[in-house]
There are 2 protein chains.
Amino acid sequence: MSSSFSNIGTSTKRVDARGKTTGETRFLTDLQVDNMLHAAPVYSKVPYGHLLGIDISKAEKDPQFVGFFSAVDIPGENQVGVILEDQPLLANDIVRFVGDSVGIMVAQSDEAAQRLAELVEVNIEPFKPVFTIDASRDATENFIHDSNLACKHQVNRGDIETAFLSADHIIEARFETPFQEHYYLEPQGCIARTTSEGGIYVIGSIQCPFYVQKAISKALDIPFSKIKVEQAPTGGAFGGKEDIPSEVCTRAALATLLLKQPVKMVYNRMVDVQLTSKRHPFQMHYKVGVSKAGKLLAAEVQLEENAGAYATLSSVVSYRSAMQAMGPYVIDNIAVESHSYYTNSPPTGAFRGFGSPQAAFGHERMMDVIAAELKMNPVELRFKNVVKVDTKTLTGHHLTSSVGAEETLRTAAEASGWQNQTPSNDPRWKTGYGVSLIHYGNCLGAAGWFMDGSGVKIKLHRDGSISVAFGLVEMGQGALTVVAQMTAEALGVEPSRITVLPTDTEQVPDSGPAVASRNVVMTGNAIRDAANKMLRILKEAAAELMQCDLNEIKLENGTVTNIRNSETLTFSDLTNYLYLSNRPMDVLGWWHVPELEYDAENGVGEAYFTYSYATHVAKVSIDNLTGQVKVDKIWASHDIGKAINPAGLEAQIEGGTAQGIGWALTENFKMNAGMVLSDNLTTYLLPTAMDVGEIESILVEDPEPEGPWGAKGIGEPAIIPTAAAIANAISHAVGKSVDHIPVTPEEVLELLDE
Amino acid sequence: MSSSFSNIGTSTKRVDARGKTTGETRFLTDLQVDNMLHAAPVYSKVPYGHLLGIDISKAEKDPQFVGFFSAVDIPGENQVGVILEDQPLLANDIVRFVGDSVGIMVAQSDEAAQRLAELVEVNIEPFKPVFTIDASRDATENFIHDSNLACKHQVNRGDIETAFLSADHIIEARFETPFQEHYYLEPQGCIARTTSEGGIYVIGSIQCPFYVQKAISKALDIPFSKIKVEQAPTGGAFGGKEDIPSEVCTRAALATLLLKQPVKMVYNRMVDVQLTSKRHPFQMHYKVGVSKAGKLLAAEVQLEENAGAYATLSSVVSYRSAMQAMGPYVIDNIAVESHSYYTNSPPTGAFRGFGSPQAAFGHERMMDVIAAELKMNPVELRFKNVVKVDTKTLTGHHLTSSVGAEETLRTAAEASGWQNQTPSNDPRWKTGYGVSLIHYGNCLGAAGWFMDGSGVKIKLHRDGSISVAFGLVEMGQGALTVVAQMTAEALGVEPSRITVLPTDTEQVPDSGPAVASRNVVMTGNAIRDAANKMLRILKEAAAELMQCDLNEIKLENGTVTNIRNSETLTFSDLTNYLYLSNRPMDVLGWWHVPELEYDAENGVGEAYFTYSYATHVAKVSIDNLTGQVKVDKIWASHDIGKAINPAGLEAQIEGGTAQGIGWALTENFKMNAGMVLSDNLTTYLLPTAMDVGEIESILVEDPEPEGPWGAKGIGEPAIIPTAAAIANAISHAVGKSVDHIPVTPEEVLELLDE
C-alpha cells in the first residue's frame with residue numbers, strides 16, 4: 001500500500017458545512033409540499049393494558065379534522081418489528097408502554113393534529129406493569145410477550161471451571177448502566193405522498209432508508225419497486241433513527257395512501273422522547289480469575305438488558321455486548337451470557353455503540369477493580385493482557401493484522417502523563433485519573449453478515465464533474481465528505497469535481513443499514529470497486545486518445561499523463577472523449593464483508609471481520625463541597641487503521657466523547673410508572689461545552705488490509721470507552737468503586753461521606 | 001431467434017393508462033412546491049431589429065413584482081443553441097423573431113407574471129425582416145446571422161449527367177410543404193429550484209432531460225454533477241420538447257439561482273405557439289430520369305428549408321431529408337442538396353419525422369408524377385424500384401436484412417383493393433386513391449453517431465419486484481409499457497413485477513435524446529445488456545440454491561426451474577436468496593449503435609444503421625360542391641421488424657396518421673409579419689375524430705438482427721407517408737397534380753375549376 005495519497009489523510013472541510021451553518025440546508029421541518037396534511041400519533045398513556053376502544057368523537061367535530069387511522073385500516077401486515085415480529089405498527093389489542101401508538105390523527109395543520117390527537121379517548125383496561133430487569137426476569141405469569149425474554153447470546157470458550165481453580169484471585173463485581181436518550185437535535189419526522197405509479201414516496205429524517213422501504217412494503221402491501229424512500233438532511237440520529245423511522249414513515253404512508261394527499265408528521269420533543277427508543281440499561285455481573293502477576297485466566301460474565309416493550313434491535317445489541325463483554329484482552333476461558341428482558345418501558349434499541357459502552361463500563365471498571373485488588377497500576381494490568389497480532393479475542397478470533405490496541409494504550413498513557421500523575425493539593429478538589437481500553441467489531445458481524453454488503457453508483461459527466469450516490473447516509477458524522485475524498489482518491493481526481501447525492505432507495509442497491517460504523521469501510525470499498533471498473537474504461541479511452549499503451553496512462557489529481565512522453569490531458573478532456581466515443585459513464589460498485597467463521601451456539605469464532613481499538617484516559621477534578629465532577633481532560637487514542645479525513649475524525653472523537661461524558665455524569669433519565677419525566681432539556685441535562693473539558697485526539701494508524709486505504713470505523717468507538725474512563729477516574733479520586741452511572745453530584749457526596 | 005415470446009408481441013395495456021385517464025397523473029400545471037414564484041417570458045414583438053433597451057419601470061411598481069432578469073444576469077455563457085452556437089438564452093443585441101426572449105419576469109402569481117411581462121417596454125430599432133426561403137437565399141446583405149445559410153447536406157453518388165442522357169424521360173416538378181405546429185396538449189413548462197448542494201433541480205415537461213442539464217450547466221456555469229433534471233409526466237412532445245425545454249428550463253433556473261426560491265414557468269398556449277419551434281417548411285425541386293419501363297436512372301433533388309430565426313436542430317433535419325430525399329428506391333445516380341435558410345420566423349426544428357414527411361411529400365408526389373407521365377400504375381412503378389435485401393439505398397448503403405419495404409407495399413395495396421378500385425358514381429363526390437412508400441433511418445445516424453448510446457438501470461428487490469430506470473422518456477408514445485414488457489421478457493418474469501421509474505439525469509447514463517424513434521431499439525438493447533449481466537448473477541445464485549449446474553436453470557414467467565429434476569422456485573424466492581447471500585441486485589445496461597461507414601462529404605454510405613419502412617394507401621372522397629376532402633380510409637402498413645406491443649404500435653400508427661392528415665388538410669399555419677395568427681384551436685384546426693376516418697394498421701415483421709427481439713422504431717414512420725398518400729389521392733381524384741399542402745377546400749375548388 002502506498003504511503004502517500006492525494007486526498008486520503010488530508011483534513012478536509014465538510015462539504016455540508018456551509019448549508020448547515022448558514023441555514024441553507026432544509027431539514028424536514030423546513031419542507032412543505034403542496035396540499036399537505038399533518039399528522040400526530042395517538043398513543044397509550046397507560047404502560048400496560050388491554051385496548052378496549054378508541055373514541056374520536058370529540059376530535060372529529062373539529063373543522064380541522066381530516067381523518068384518524070388505526071390498526072383496522074392497515075392493508076398489509078400490522079407488524080413493524082425490525083428483527084423479531086413482536087411489534088404492531090399500531091397496537092390493536094395489548095398496549096405495552098406509555099407511548100405505544102394506537103392510531104394516527106390527520107388534520108389540516110400541525111397544531112390541530114397535535115391538539116386533536118390529545119382529544120382522542122383511548123380506553124384501556126390496565127394490567128400490572130413491569131419496569132425492572134429483575135421483575136421481568138423473575139415473573140412467572142402476565143408475560144409482556146410470549147415470554148419476558150426477548151433474546152439472548154452467549155460465549156462459551158475454554159474451560160472456566162478448571163481455570164478458576166488455577167486462579168490466584170477470583171474477583172466479583174456488579175455494575176449498572178442507565179437509559180440514555182439520543183437527543184438528536186432534529187426529532188423524528190417525514191413527509192409521505194403517493195406517486196403516479198400507485199406507489200409511495202417518503203422523505204424523512206432517516207438513518208436506514210432501506211429499512212423504511214421494507215416496513216412500508218410489509219404494512220401497506222405494496223411491492224418494494226413502488227416505494228421510494230429518500231433521506232432528507234438529517235439533524236442527528238445516533239441509532240435513534242435506525243428503526244424508529246420505519247414506524248413514523250409507515251404510519252404517515254398509511255395515512256397518505258388512504259387520503260391520497262401528502263402527509264407530514266414531525267414529532268414534537270416530548271412525544272419524541274416518550275415514544276422512541278433509548279440506550280438499553282444493563283445490569284452486569286463479572287467474576288474474573290487472575291494470576292498473581294495479573295494474567296486474566298477465567299471470566300464469567302452475566303449481562304442483563306432492559307429491552308423495553310418491544311425487542312427492536314435488542315438481539316443485535318445483546319450479540320455485540322456478549323462478543324465484546326471482556327474487552328480487548330486475551331482470555332482463553334470465558335463464559336458470557338447476555339439476556340434482554342421485556343419491560344413496560346419505551347423500547348430500547350440502537351444507540352451509538354450498540355451495547356458496547358455498557359459492556360465497556362463493565363469490563364473496564366472490572367479491570368480497575370482487579371488492579372486495585374492486585375495493587376497493580378491499571379495501565380500495567382491492561383498491558384499484560386491486551387490483544388496483539390497473533391493472539392485471540394475472547395471469542396477465539398485469531399487476529400492477524402491491524403491490532404492497534406496496545407498502541408492506543410501506550411499513546412494515551414504517555415500523552416496523559418499517566419506515570420507522573422500529580423494529585424491535587426487543593427483541599428476542596430480531588431484529582432483522579434482513569435483509563436479505559438476497548439475494541440469494537442466493525443460492521444454487522446456474524447449475526448448480520450447476510451446484510452453486510454453496500455453499494456455506490458459513480459457517474460462521470462462529460463464536463464469532468466462526478467456524481468456519487470451511496471447507499472448509507474450522512475447523519476451528521478461527515479459521511480459526505482469522506483465519500484467525496486475516497487471517490488477522488490480512487491479515481492485520481494480533485495475532490496472539487498465531486499458531488500455526493502442525497503441517499504435514496506432507487507439510486508443504489510440496498511446497502512444495509514447506516515450503522516455499526518460501517519460507512520467508511522463499506523462505502524469506501526464499494527467506491528474502490530466502482531472506480532476500478534471505471535478506471536479501466538478511462539484508461540482505455542485515454543490510451544486511444546493519446547495513442548499509447550493502457551499501462552502508460554497515469555491519472556492523478558485530475559490530470560491524465562502518458563508517462564512515456566509526459567503528454568497530458570485534463571480529466572475533463574478525457575470524460576468528454578468518453579462521451580463522444582459512446583462509452584458508458586455510469587458504474588456501480590459493490591462490496592460485502594468477507595465471510596466469517598463463527599459458531600453461533602457457542603459464540604466462538606470471527607464475531608466481526610476486524611476491530612477498531614481505543615484507549616481513553618480521563619482526568620477529573622471532584623469538588624468535595626458540591627460533589628461536582630469536572631472532566632479536566634480526556635486523552636482519546638483511537639486505532640482507526642487509516643484516517644481518511646483527520647479533521648472529521650477528530651470531530652467524531654470529540655462528539656462521541658462528549659456524549660460519553662453526558663451518559664457518565666449529567667444525563668439523568670427519569671421515568672415514573674413508564675412516563676418519561678426528563679422529557680426536555682431543562683430536566684435532561686446534555687453536557688454543554690463547559691462540561692466537556694479538553695479532549696486530545698490521538699490517531700493510531702494500524703492499517704486494516706480489508707479496509708479502504710487501510711481504514712476502519714470510528715463513529716461508535718468514539719463513545720465506548722469514555723464513561724468507564726470517567727468512572728475509573730472518579731473511583732481513583734474518591735478511593736471508592738463507582739458501580740453505576742450517571743455519577744451525580746449527590747452520589748459523589750455520598751461516596752465522599754461513606 | 002426464438003419465434004415465441006412470453007411478453008414481446010402481446011398487446012399490453014399501457015401502464016400509464018389509469019393515471020392519465022383518471023387524472024391521477026400530475027402534469028406540470030398540477031405541481032406546486034412550497035414558496036414558489038412564477039415566471040413569464042418577456043419577448044420581442046418585432047421580427048427583426050436592434051435591442052436598444054428594456055424598461056421595467058411600470059412592472060416593478062406592482063406589489064406582485066419580484067424580479068426581472070435579462071442577458072446581463074446570466075453568469076455563464078449566453079448561448080442555448082443545441083447544435084450551432086447561434087442562439088442566445090436571452091437576446092442582448094439583435095432580436096430575430098417575434099418571440100425572441102429578452103428577459104424573464106418573476107412575480108408572486110402566474111397571472112401577475114404574465115400581466116407584468118406585458119408591461120415591460122422592449123425598445124427595438126426595427127430592421128427589414130425576411131420571411132421566405134427565396135428572400136433569405138437571395139439576400140446579399142443584412143444577413144440574419146453571419147450568413148443566411150444555416151446549414152446544408154448533400155448526396156453525390158454515381159454519375160447523374162451520363163445517367164440523365166440515357167433516360168427515356170426526364171421529369172421535373174416542384175413541391176412545397178408548410179409550417180406545422182406541434183400542438184402538444186400540454187404547453188412548455190417547468191419548475192426549478194436550488195438544491196442543498198448549491199445546485200439546480202428542474203422538473204419539467206421535457207423530451208431530452210440530458211439536453212436541459214447541458215444547457216443549464218453552460219448558461220449558469222454550474223457543473224453537470226450539481227444539476228438534476230427530472231421529466232414530469234409529459235403531455236405530448238412530438239419533437240417540440242426536444243430543444244425548447246432547454247430554453248424554458250434554463251431561464252427558470254436562472255431566476256431560481258438569483259432569487260433562491262423555486263420558480264415555475266408554464267407558457268400559455270398563445271405564448272407557446274409564438275415562441276416555440278415548428279416543422280420546417282420545405283421547397284423542393286425534383287428532376288428524375290427514368291427508362292420507358294419505369295426504372296429510376298438519375299435524380300437531382302434540391303431541398304430548401306425555412307430554418308426560422310435560429311438553427312436549432314435544422315442541420316439534423318436537413319441531413320435526414322437529404323439522406324431520404326428519393327425514398328426507398330434503388331437509384332444509382334443521384335445528387336441531392338439540402339439547404340436550410342434563416343428567416344425572421346419562429347425557429348423551425350424537431351418535429352416527428354424530422355424532415356422525412358417533407359422529403360416523402362417530394363419523392364412520393366414525384367413518383368406519382370412519373371407514373372402519370374409513363375401512364376403506369378403508381379404501385380407498379382414503386383414495385384419496380386423498391387429496395388430489397390442485397391440492393392443499395394440512395395446513399396449507397398448496402399442492405400443485408402430487415403428490408404420490408406416491398407412487403408409493406410404489397411400488403412397495403414392488397415388490403416386497400418388497389419387493383420379493384422371503384423370510382424364513385426355520385427355526381428357530387430369524386431373518389432381518389434393514393435399510395436406512398438417511405439423508409440426511415442432509425443436512431444441518430446452517421447451525423448449523430450457519437451451520441452447514439454443509451455442506458456438503463458435495473459434494480460431487483462428482495463420481494464421479487466423490479467424497478468427499471470431508462471434514459472429516454474415517456475412522452476405519450478407508450479415507452480413505459482414497452483420498457484416493462486422488454487424487461488420482463490429479458491429477465492423471464494411477469495410484467496406485473498416491473499415498475500418503470502420517471503426519467504431523471506441522475507438515475508442513468510446520458511442516453512442521448514428521446515428522438516429519432518430510438519426508444520425501442522436503444523432502450524431494448526440496453527435492457528438486454530443489463531438483463532444478461534443480471535441473469536448470470538441470478539442463475540449462479542439459483543444453481544447454488546438448487547444445488548445444480550448453472551446451465552440447468554431456466555427462468556421463465558417468474559418461475560425458476562431446475563430442468564434436470566423439474567424442481568421450481570419462485571422468482572421472489574430467488575431474489576430473496578440473492579439478498580441474503582449478499583449479491584449485488586442492481587445492474588446497468590448500455591448499448592450503442594454500431595459504427596457506420598459514411599463519407600460525409602459526398603453523403604455516401606451507411607446513413608443509418610437500419611431503416612423502418614411503410615406504405616400508406618389513402619382513399620379520399622372530394623365534394624365537388626364545397627371542396628371538402630374526406631379521408632375515407634388509410635391502410636397503413638409498417639415494417640417494424642418486430643412488434644413489441646401491437647396495441648401500442650397501432651396506437652402510434654393511428655396517432656401519426658392523424659397528425660399527417662392534419663398537416664395535409666386542416667392545419668393551416670398563418671403568420672403576418674412574423675406574428676402567428678393561428679395561435680389557438682379556433683384558427684389552427686387539428687383534425688378531429690370526424691376528420692380522421694378509418695385507419696387500418698398492417699404490421700410487417702421483417703426482423704432487424706441488431707434490434708431487440710428484431711424490433712425497429714415506429715414513432716416517426718407513422719406520420720411520414722400520410723400527407724403524400726392523401727395528396728396523391730386528391731391528385732388522382734381531381735386529375736390534377738397537387739404540389740403543396742394543406743389542401744384546403746378553397747384550393748380543391750380551384751383545382752376543380754381549372
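A, B, ... follow the sequence lines: proteins, then strands. Residue 1 opens every chain.
- Each of B:Met36, B:Glu595, B:Gln32 has some count of heavy-atom pairs under 4.5 Å with chain A, and the biggest count is that of B:Gln32.
- Taking A:Val500, A:Leu480, A:Val587, A:Val508 one by one and counting their heavy-atom pairs under 4.5 Å with chain B, the maximum is reached by A:Val508.
- Counting heavy atoms from C-beta outward, A:Arg462 and B:Lys214 have side chains that approach closer than 4.5 Å.
- Atom CZ of B:Phe224 is separated from atom OG of A:Ser572 by 11.0 Å, given to the nearest 0.5 angstrom.
- Between A:Glu506 and B:Leu501 the shortest heavy-atom distance is OE2-CD2, 3.2 Å.
- For the atom pair A:Leu588 CG and B:Leu588 CG, the distance stands at 4.0 Å (nearest 0.5 Å).
- Of the listed residues (A:Asp452, A:Asp16, A:Thr194), the one with the most heavy-atom contacts under 4.5 Å to chain B is A:Asp452.
- Both the backbone and the side chain of B:Trp449 come within contact range of chain A, each with at least one heavy atom under 4.5 Å from a heavy atom of that chain.
- Heavy atoms closer than 4.5 Å to chain A are found in the backbone of B:Arg497, but not in its side chain.
- With contacts defined as side-chain heavy-atom distances shorter than 4.5 Å, the pair B:His461/A:Gln213 qualifies.
- Side-chain contact between B:Phe450 and A:Asn582: absent, with no pair of heavy atoms (C-beta onward) separated by less than 4.5 Å.
- Ionic pairing of A:Lys218 and B:Asp463 is not present here: no N-O contact between side-chain nitrogen and carboxylate oxygen is shorter than 4.0 angstrom.
- Contact tally against chain B (heavy-atom pairs below 4.5 Å) for A:Gly512, A:Gly455, A:Ser467, A:Pro509: the top residue is A:Pro509.
- Neither the backbone nor the side chain of A:Val468 comes within contact range of chain B; no heavy atoms are under 4.5 Å apart.
- Ranking A:Val33, A:Leu580, A:Ile498 against chain B, the residue ahead of the rest is A:Leu580, based on heavy-atom pairs under 4.5 Å.
- Once rounded to the nearest 0.5 Å, the distance linking CG of A:Asp510 with CG of B:Leu578 reads 11.5 Å.
- Side chains of B:Asp34 and A:Arg26 form a contact here, defined as non-hydrogen atoms less than 4.5 Å apart.
- The greatest number of non-hydrogen atom pairs below 4.5 Å with chain A, out of B:Met451, B:Lys260, B:Glu24, is found for B:Met451.
- Heavy atoms of B:Lys457 lying under 4.5 Å from chain A belong exclusively to its side chain.
- To the nearest 0.5 Å, the span separating CG on A:Asp586 from OG on B:Ser511 amounts to 8.0 Å.
- Considering only heavy atoms from C-beta on, B:Arg583 stays 4.5 Å or farther from A:Trp590 through its side chain.
- Contact annotation for B:Val15: neither backbone nor side-chain heavy atoms come within less than 4.5 Å of a heavy atom of chain A.
- Highest contact tally toward chain A, considering only B:Ser454, B:Ser581, B:Gly453, B:Pro584, is held by B:Pro584 [criterion: heavy-atom pairs under 4.5 Å].
- Of the atoms belonging to A:Lys226, heavy atoms from both backbone and side chain fall under 4.5 Å from chain B.
- A donor-acceptor pair shorter than 3.5 Å can be found between the side chains of B:Thr499 and A:Ser225.
- Summarising the geometry, atom NZ belonging to A:Lys459 is positioned 6.5 Å from atom OG1 belonging to B:Thr505; distances are rounded to the nearest 0.5 Å.
- Ranking A:Gln507, A:His592, A:Met585 against chain B, the residue ahead of the rest is A:Gln507, based on heavy-atom pairs under 4.5 Å.
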